[in-house]
Undergrad: 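This is the structure I have questions about; it appears just below.
Just so it is clear, the structure is predicted and the values come from calculations on it, not from any experiment. Reckoned from all heavy atoms, side chains included, excluding hydrogens, waters and symmetry mates.
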Amino acid sequence: MSSESGASGTSSDDPRSDDRAAYDYQGGDVARPGLVADLQSLIDGEVRFDEYSREQYATDASIYAVTPVGVVFPTSTTDVAAVVEYCADRGIPVLPRGAGTSLAGQTVNRAVVLDFSKHMDALLEVDADARRARAQPGITLGHLNAALADDGLKFAPDPAWGDKSVLGGAIGNNSTGAHSLQYGKTDAYVEACEVVLADGTVTTFEPVPVDELDELADPDGGLEARIYAAVRDLLDDEDIADAYPDLKRNVSGYNLDWLIERAREDGVVDVPGLLAGSEGTLAVVTEAEVSLEPVPETKALALLRYDDLLDAMEDVAPILDHDPAAVEVLDDVLLDLSRDTAEFGALVDEMVPTGTGAVLLVEFYADDDAEGREKVADLLADRAPGTETLAEPTGDGVQTDAPIRAASADEAHGEDEREQFWKLRKSGLPILLGRTSDAKHVAFVEDTAVPPENLPEFVADFRAVLDEHDTYASFYAHAGPGVLHIRPLVNTKTEAGVAQMEAIADDVTDLVVEYGGSVSGEHGDGRARTQWNRKLYGDDVWETFRDLKTAFDPDWLLNPGQVVSRPDDPTDMTEHLRFDPDYEFDAGFEPELQWDDENGLQGMAELCHGCGGCRGHQDTTGGVMCPTFRAAEEESLSTRGRANSLRRAMSGELPEDEQFSEEFVTEVLDLCIGCKGCAHDCPSEVDMAKLKAELTHEHHQREGASLRDRLFANVDTLSAVGSALAPLSNLAAKVPGARTAIEKTVGIARERSLPTFRRGTFAKWFRKRGSHVPADAADRRVLLLPDTYTNYSRPEAGKAAVRVLEAAGVHVAVPASLTDSGRAAFSKGFLGKARETARTNVADLAPRVEDGWDVVVVEPSDAVMYQSDYLDLLGDTDDAAAAETVAENAYGVLEYLDTHRLDAGMEFDAPDEHLTYHGHCHQKATAKDHHAVGVLRRAGYRVDPLDSGCCGMAGSFGYEAEHYSMSRAIGEILFEQVADSEGERVVAPGASCRTQLGDRPDADAEPPHPIESVADALAE
């Protein structure tokens, strides 16, 4: 099979190509315009040296920030070679970068950044028989593996962020993951690399026989010949191998031990393997051929519980005798943090008794389920005897003589059960990353590695180091290969905190050396660990690193300062910190909303740690975040890009008050569609929608608001007028030229289907009809609140809600005194208006709720308004308690039915129909999307719930002419999912979603609300 595609899952057209689009993903002054012009004349890719782009690429997932010279988006190897050659001639450093997910700071530098993730992301060729694939460096590992799945193959290294991180980054970091016990590191899979050398030369490195090396090596020849000469010298150095720890997970320093091992054992000089872990300092990889592994037939898991972390560490070595594929640890710090969260609390309580000191998650690969059960049974017979297992131990399994330390154990074999076990393993990290205080759990010693048999002593001594420096950390991750993720709590905004960090790193390096380990077993050197390589390897090997760097890169222009540094320019882990003692923050205004965290709005603006979770694609990552990035693959459109822009503006890296400028609003704020996905899907739970509301409100205060914004913010009043004037109001939009005129005067896209107003509103219908279930005969009483769209344009959804609720024996009332929810005003940044609406509604609803009524809403975004956003609007006012009362008793209509199982006693006669369900992004962001699926299935439908993001309509966003192309690009991702679904008909609870889906090319009508399908299924 051969293929060539950039498997991005995005629309083929860049949304900014629409003439109406007011954005170009750039902003501020352009640095070095002469350099920009030169580079633009040399390449087909894009060159950006504007302030916004440079600041967005100043950070990665590390604690560092370095503003680059500029950013280039190459489209080909030819582009890369042209940039490198140009920069080499002028002494300008160059930094190759993928997704920017590096934790040690190796993807930020004072250099021209080459971002490969946008254009150079193609899978070029697959040879399934040979188990080989050739791809460009910007392809995500998720897309690579998705393309290989039909052949039952995969790229074996599996870093945790593999659906966002890219192949070039895996090579640069010599990445691995949870299953390194089975697969090792990336160096074992890199078969050949097309590279651009430091002078712009393009060549291909592949393993060559040792006896042919002399033909290639020439210390007086061209750059490539000099490289081979330097490599030949390395093979003769007898002391190098002895300086390296006997450790499978060492990725610190250059990969010299691998080079020498391959030469001695396989008789080849493996330069591609040498590039693995070099962090872009030796050459720029533009294509790579990698070997592949078969996907395991099945897996089996065991969960062992211990009273103390050290007991778990003692058990790692004997567990390894059973040949597992993975052994992961989670300590009591993370378990206890997880126990207090809504998302993970029930899971932890169910699986881990209170007082547990640590758990080990042990995974086996197996050829079939029977073998998997036997492997688990043999393990538990040895390490947790007395545990009941699904299979009998084989009797000839490994029996160690180590003491029994596990307090209890469980096993998991089905896919859903295994996912629960792994969910437990991942449960605590978001809490570590969610600190909004100045002190944060900082990544600088988080992936030290030691031989597994040394883990107990190492962990005990590490704890002592933390105690000595008056801080603490959690211990988790890859216990099997001896790699523990440990992030001490440090405040780098103070001189004392910076000194504390360096002192801990120094002491931990001593421990690593003492226990035969490495300062990095996974995430690389970068700015955090380069300085410690000298202590780890000694002066002689450190000088060898310098010699090798000079051979490949004579002027030290490729990502300088990583892995090794020059004597006159040493890398210092305390320099270029994102938050340092000189850091200052000034939002420039007083927040309007309640920010329930340690540092208020500042805490949220500083919360993004840069992991790049917002850069995942729909087909490999799923979830909601981040729709605009998925549509255009632009860093500025990711949550990380926006968060960096806001923070850099508010900390003085951009001109004063830049965050309120028209350009900033257009490029950064307007293109956030307020889906709230980041508040749920981001590991740190960065709430960009809330930040946008604050900044937009302040912009309105300073600059005023447009007519269109005011119209959309008052859409309920506008709809009431349209309803009163119907059908004339509907005919007006059908007059030839009317839509074009509306676009020119108001800015509403001419392509959009405008709402059709009904003179007979839902509220009028209900007042005339009344409730068919008397209040005194009902177990539950509901205040059904009609949203603007349901009331004035689509009463059918409200009528269906009444029918279903009454079929469940619920007494329904529709309050005549309420206004709209305030959602439209809130979304458009009119927070004063939204607050007054919230105050009015809460004052009306709270006494009724206290009297036993529940609040139910048809439109998901309005439900979330009552459940969540009212707390932000009223949380620091006298109405806070009343708002809490309403929030705790407010539901979406299907959430209400499912939560209280009101459909359990109802009779259904559903049509034989398979539904495709697209949930609303606000529901997904508040973990309430599953309710509709449960109700529909119990009603008798087959349901395909899409793992979809925002539809792209996002309230008024998709109506706005300058946003139409972006809205459609986001919509195309959803449309593809709908087309691929086995469902016969789409249902969607969101009014905006139904509008977008109704406007798709193959749609013959707007989809119904799922409550309508439930109503249709009611038995007569």
Side-chain angles (χ1 to χ4, degrees), residues 91 93 104-106 109 172-174 187 197-199 205 213 217-221 223-247 250-264 269-271 273-283 502 505-506 509-510 512-514 516-521 524-575:
Q106 55 266 63
N109 216 327
N173 277 7
N174 202 5
D187 52 17
L197 300 179
D199 63 354
F205 285 128
L213 187 56
D218 182 356
D220 299 317
L223 181 55
E224 185 175 358
R226 298 199 305 274
I227 289 170
Y228 279 115
V231 170
R232 180 180 60 188
D233 293 341
L234 290 173
L235 301 182
D236 296 331
D237 191 330
E238 297 292 336
D239 297 327
I240 290 177
D242 293 338
Y244 276 71
D246 184 13
L247 196 67
N250 175 29
V251 298
S252 276
Y254 287 123
N255 209 14
L256 304 187
D257 56 339
W258 173 266
L259 180 78
I260 292 171
E261 179 182 336
R262 288 275 280 154
R264 292 176 179 174
V269 180
D270 188 1
V271 177
L274 177 62
L275 295 180
S278 64
E279 302 182 3
T281 63
L282 301 181
E502 185 172 29
D506 196 5
T509 302
D510 289 338
V512 162
V513 173
E514 177 184 351
S518 168
V519 292
S520 178
D525 294 321
R527 298 180 174 277
R529 286 182 282 272
T530 290
Q531 76 184 75
W532 306 114
N533 278 335
R534 187 167 199 152
K535 179 181 284 192
L536 178 66
Y537 291 110
D539 290 343
D540 290 344
V541 172
W542 177 255
E543 290 303 324
T544 300
F545 288 169
R546 283 177 171 167
D547 292 342
L548 182 68
K549 167 68 172 172
T550 302
F552 271 87
D553 181 15
D555 296 319
W556 286 56
L557 294 177
L558 298 181
N559 200 14
Q562 322 303 311
V563 183
V564 66
S565 61
R566 277 179 157 167
D568 60 345
D569 188 18
T571 301
D572 185 338
M573 70 173 299
T574 67
E575 294 180 346

Undergrad: Distance check, rounded to the nearest 0.5 Å: Ile227 atom CD1 versus Leu282 atom CG?
TA: 8.0 Å
Undergrad: Answer yes or no: is there a side-chain heavy-atom contact under 4.5 Å between Phe545 and Thr530?
TA: no
Undergrad: Side-chain contact, heavy-atom cut-off 4.5 Å: Leu536 with Ser518?
TA: yes
Undergrad: Calculate, to the nearest 0.5 Å, the distance between atoms CH2 and CG belonging to Trp532 and Asp510 respectively.
TA: 8.5 Å
Undergrad: Applying side chain to side chain donor-acceptor pair (under 3.5 Å), which residue pairs with at least one partner in residues 561-570 are found, sequence neighbours left out?
TA: none
Undergrad: Is it true that, when you exclude Asp572 itself, more than 12 heavy atoms of the residues, nucleotides or ligands shown sit nearer than 6.0 Å to its CG?
TA: yes
Undergrad: Among residues at least two apart in sequence or on other chains, which ones pass side-chain hydrogen bond (donor to acceptor under 3.5 Å, both in side chains) with Asp539?
TA: Arg534
Undergrad: Side chain to side chain donor-acceptor pair (under 3.5 Å): which pairs involve residues 544-555, sequence neighbours left out?
TA: Glu543-Arg546, Lys549-Asp553, Thr550-Trp556
Undergrad: Looking at Ala230 and Ala551, what are the two nearest heavy atoms and their distance?
TA: CB-CB, 3.4 Å
Undergrad: For the pair Glu279 (side chain) and Asn559 (backbone), establish whether a donor and an acceptor sit closer than 3.5 Å, ignoring hydrogens and angles.
TA: no
Undergrad: Provide the full list of side chain to side chain donor-acceptor pair (under 3.5 Å) pairs with a residue in residues 232-247, sequence neighbours left out, each pair given once.
TA: Asp214-Arg232
Undergrad: Can you sort out the partners of Tyr537 under side-chain hydrogen bond (donor to acceptor under 3.5 Å, both in side chains), two or more places apart, ordered by chain and number?
TA: Asn250
Undergrad: Just do the side chain to side chain contact (heavy atoms under 4.5 Å, CB included) check on Val563 and Gln106 with the steps written out, would you?
TA: CA-CA 9 Å; Val563 183; Gln106 55 266 63; over 6 Å; no
Undergrad: Please evaluate residues Asn533 and Val564 with respect to the criterion side chain to side chain contact (heavy atoms under 4.5 Å, CB included), reporting the C-alpha separation (whole Å), side-chain torsions for both, the decisive distance (0.1 Å), and the verdict.
TA: CA-CA 8 Å; Asn533 278 335; Val564 66; over 6 Å; no
Undergrad: Minimum heavy-atom separation for Ala241 to Arg264, with atom names?
TA: CB-NH1, 4.1 Å
Undergrad: Starting at OG1 of Thr574, measure out to CD of Gln531 and round the result to the nearest 0.5 Å.
TA: 7.0 Å
Undergrad: For residues 251-261, dump all side-chain donor-acceptor pairs below 3.5 Å to protein atoms at least two apart in sequence or in another chain.
TA:
| from | atom 1 | to | atom 2 | distance (Å) |
| --- | --- | --- | --- | --- |
| Ser252 | OG | Ser520 | N | 3.2 |
| Ser252 | OG | Asp525 | OD1 | 2.9 |
| Tyr254 | OH | Thr281 | OG1 | 2.8 |
| Asn255 | ND2 | Asp187 | OD2 | 3.0 |
| Asn255 | ND2 | Gly273 | O | 2.9 |
| Trp258 | NE1 | Asp270 | OD2 | 2.8 |

Undergrad: When rounded to the nearest 0.5 angstrom, what is the spacing between CH2 in Trp542 and NZ in Lys535?
TA: 13.0 Å
